Amino acid sequence: MVARPRGLAPIALYGLFFGGLCLLVYNNGVDASAAAAAGGQQRTLLGTSATRQVLKLYRPPRSPEAPSTPGAPADAPPTPAATLEGYIKVQMGDDVNGRDLMYVFLQKSDESLTELLMDKEEAFQHVNQRVRVSILPDNDLGSSDKNSGSEATAAAGDFTQQLSQANNRRRLLQRSSAVRAKVVEVLSSPTDSADLQDGAKDFPVDGRQPIINVTGVVFLLSFCGLRNMYDVNSFRKIWVNEPGTPADTFTMQNYMSYCSQGMTQMSVASQNIFEVELPCTGTMANGVLVYSFNMSSTCGPIEQYAWYKLSADKVRDTLGFNASAFKQQVFILPPKSRCSLSWGGLADVGCTRNFFCRSYIASSNDLRVMMHEMSHNFGLHHSGEGGFEYGDESCVMGTGDSCFNAPNAWRLGWVDTVPGGDLDGSTLEVGRPRRFTLPPQTKARQAIVRIYPDWKIGQAAPLWPRALYGGESVQSIYLGFRVKVPPFERILDRDSNAVTVHVYGANRSASGFGLALKVRTLRPGGYEEFRDDAWSGIVVRLISMNPDVNAIVSVCRSTGAKESQGGNSCEDGIDNDCDGKVTAATKALVSPAATKAAATSATTPRMASREGPTPTASEPTRRSTFDTANTLSTALASPAPALAAATFAAAATLASTAAAPACCASKASPCKGRASTTQQE
């Protein structure tokens, strides 16, 4: 065995070894603590070296720096987007669930169509214009989906914007063949002389040019073993009149003639009707392009092109008829076609160019559906109410079994304003009501009132639809008196013998196109007043009605819902809140003759009693027009209006210098409930 060392020397060696080791560990720990306390600024060599070694071992490799040589090549520029040229065409219609549809196409010089996904307002801004569009990548939502998140919330109050967003979502889901596009250049507009239609007799092209004569071609299509419900003879009987056809027979010719008061003419000679049987599937060549269609399974732009191209070729080759000479073309599809599963009718918007304007009827034999679609060709949008684009039951452009509401009839040039009834800020002064007598809208050329609130230019009405194109600076308010007259004007009872109030933002130009919106119906026993305190300040009051004959309304421009508005508003002799009352000081200045006439007329019933809908609590402000304060108003409409008007004018002038009534000094009762009289209307 090995001998062990003995004595103090070995013990001293072991002690020195372990003591040195402990000292080394202790010093390193103290240095590390001090370094941590000092923010890592003081380190021992051992600690520094160890830390560096760890960093060296675990530091990720550095990326090489870009060269700093001047003129180094940059990234390659993006590939330019593909562009196409053609005319923007917009089609409107309704699907089988009653929702609105909108399709946008680029129509090229060879008449072929490329479907586009484009924001609604952009499409209508350029409808019928020749443009250059840029094709966007599939993952670029472009303008179609801009309004999301906070922007969508901000736009939630805009009726038109909501409809546009809904349309875009549906089109994204249903039209996968469409390409996303954006207009990058306008090459010509529909108002350019070269692009205006050559047949001004067919459609309005400027100002107050009404439709005079409607010429067109109707194709009764059969395909894929599906037979059309009409032949030429049966369709002609509902479309145009035969010799001796009574004026109240429900034909399209009589329908248009009645609604336009004879300004629109259709006849056997102006309407060309053909039965055409088409192949179910096939191809069409157009230059170097070949299009394949399948009418049994698809209902898209290629099928639309096939309906026209094959039908036009057939009547040309067999009958020598040139269908391309007629701008308006109507296609009646057979029942149960593939398209009838998607929509009831579609139509091109506007007919201001030499290109065609077409209407497609998929699943209806109702002339009102055909009138609705053809009216899109004439330049009309839909008519809404209560947030629904089709909600207006007083107009065929909504869901009405009727003619057209006041703004749409005005847009077509079929009706005009009563004398003095085209109002703006220069003819409708604040607090100075105007009175008008309205005849039934379809029985007089001058029958409506139009109020253009130019004092609100630049101040958008958030709950009213904007004109999609061809718009005025602000939306106008339209008043029309409607009476049920079967078989053409079969409006609902609630809209008959009533004054309808609509807003509309488009003008009468060839490119004027906008949604009409019904905001109130005024009738005896129902609502008798419309107030727009939130925006224009317009107040419309139903004064009296002679059923089936006329209605008398007053129109006033207020500056607020209360007479007391600061300053001298209570003593200025002006009906600032348009409630029909002025200060008590004015009453003392009214002539005895006018007062006597007012008292006499107060004993006569001013409005026939008729049943009407009871207003609901959700509807805003209703004020009765049947209080005794209206007696002076009746006197001013008496056989001596000049004297009464002069009396009132003098009274109003003197009243402006009179002392304000005590009630005006009290904020609790701002000029309401005082002794008062009614201002001139």
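This structure is a prediction, so every number in the text was calculated from the model and none was measured.
If you take OG1 on T427 and CG on D422, they are separated by 7.5 Å, rounding to the nearest 0.5 Å. Remark: M371 CE to M256 CE distance equals 4.5 Å, nearest 0.5 Å.
Test D248, T264, T442 against Y258 for side-chain hydrogen bond (donor to acceptor under 3.5 Å, both in side chains) and you get one pass: T442.
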Item to check | Chi angles and distances behind the ring-ring contact (aromatic ring centres under 6.0 Å, His included) call for Y478, H502 | outcome: CA-CA 5 Å; Y478 292 79; H502 286 80; 8.3 Å; no
Next on the checklist: Between N377 and Q328, is the side chain to side chain donor-acceptor pair (under 3.5 Å) condition met? List the steps.
Outcome noted: CA-CA 8 Å; N377 296 162; Q328 188 170 51; 3.0 Å; yes
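One N or O on the side chain of Q329 and one on the backbone of F326 form a donor-acceptor pair closer than 3.5 Å. For R445 (side chain) and T417 (main-chain N/O), no donor-acceptor pair under 3.5 Å exists by modelled atom type. Judged purely by atom type and a 3.5 angstrom limit, S270 uses its side chain to pair as donor or acceptor with the backbone of V214.
Contact between R523 and S496 at its shortest, heavy atoms only, is NH1-O, 3.2 Å. Residues S402 and I491 come closest through the heavy atom pair CB-CG2, 3.4 Å. Here the closest heavy-atom approach between residue R490 and residue K484 is recorded as CA-CG, 4.2 Å.
Side-chain contact check for Q91 and D348: at least one donor-acceptor pair (N or O, by modelled atom type) lies under 3.5 Å. Side-chain contact of T251 with N241: a donor-acceptor pair under 3.5 Å is present, judged by distance alone. A donor atom on one side chain and an acceptor atom on the other are not found under 3.5 Å apart for N213 and Q265. Defined by atom type and a distance below 3.5 Å, a donor-acceptor pair is present between the side-chain atoms of S383 and D392. Between H382 and H376, the side chains place a donor N or O and an acceptor N or O closer than 3.5 Å (distance only, hydrogens not considered). With 3.5 Å as the limit, one finds no donor-acceptor pair spanning the side chains of W239 and Q253.
Look at D575 and R432 and you find no salt bridge, because none of the NZ, NE, NH1 or NH2 atoms lies under 4.0 Å from a carboxylate O. The pair E389-K120 meets the salt-bridge criterion, with a side-chain N (NZ, NE, NH1 or NH2) lying under 4.0 Å from an Asp/Glu carboxylate O. A salt bridge links R482 and E489; the closest N-O separation between the charged side-chain nitrogens and carboxylate oxygens is under 4.0 Å.
The cationic group of R520 lies under 6.0 Å from the six-membered ring centre of Y527 and within 45° of the ring axis, placing it in a cation-pi geometry.
Sulfur atoms SG of C578 and C556 are positioned under 2.5 Å apart.
The aromatic rings of W343 and Y360 sit perpendicular to each other, their planes meeting at more than 60°, with 30° as the lower class boundary.
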